[in-house]
Amino acid sequence: MYLSPRTPCPQDLLALAGPAREIITGERTALNFLQRMSGTATATAGAAFTEAVTGLPARILDTRKTAPGLRAPDKAAVAAVG
């Protein structure tokens, strides 16, 4: 497992208050979204190819296929790790 030194564990990401039914209804979607962005960032940070181009006149671009409507969050997840 790869843990970035930038992310202290454990860390609270969100605190919610309100009717339990509404919170639980959105919980699965929120967790899926968080897992996707975390996975993208982790895969980018741990990829050997990012280190392979260090110091070279090359760039790693985030051109992978994305799910509809998630292009901007995916790009942000890649940018978050450099």
Side-chain angles (χ1 to χ4, degrees):
M1 175 169 45
Y2 175 81
L3 293 177
S4 170
R6 300 179 198 176
T7 307
C9 293
Q11 177 181 354
D12 292 340
L13 297 176
L14 180 68
L16 297 173
R21 183 177 300 264
E22 282 83 6
I23 291 173
I24 292 172
T25 298
E27 175 191 23
R28 180 55 43 201
T29 301
L31 286 174
N32 287 343
F33 181 78
L34 180 62
Q35 288 174 339
R36 178 183 175 88
M37 297 305 107
S38 179
T40 300
T42 299
T44 302
F49 59 81
T50 57
E51 293 176 12
V53 299
T54 301
L56 298 175
R59 295 186 313 163
I60 301 296
L61 301 176
D62 54 338
T63 57
R64 62 184 286 249
K65 294 180 181 177
T66 59
L70 294 179
R71 179 81 173 133
D74 281 345
K75 288 180 81 62
V78 171
V81 295

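- Looking at residues two or more places apart in sequence or on another chain, you find a salt bridge (charged side-chain N to carboxylate O under 4.0 Å, His left out) between Arg36 and Asp74.
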Exercise answer: donor-acceptor pairs, residues 13-27 side-chain atoms, under 3.5 Å, sequence neighbours excluded:
unit_1: Thr25; atom_1: OG1; unit_2: Arg21; atom_2: O; d: 2.6

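- Put simply, the side chain of Ser38 never gets that close to the backbone of Leu34: no donor and acceptor are under 3.5 Å apart.
- Of all heavy-atom pairs between Ala41 and Ala77, the closest is CB-O, 3.5 Å.
- Applying the 4.5 Å side-chain rule to ILVMFWY residues, one finds Met37, Leu70 in the same cluster as Phe33.
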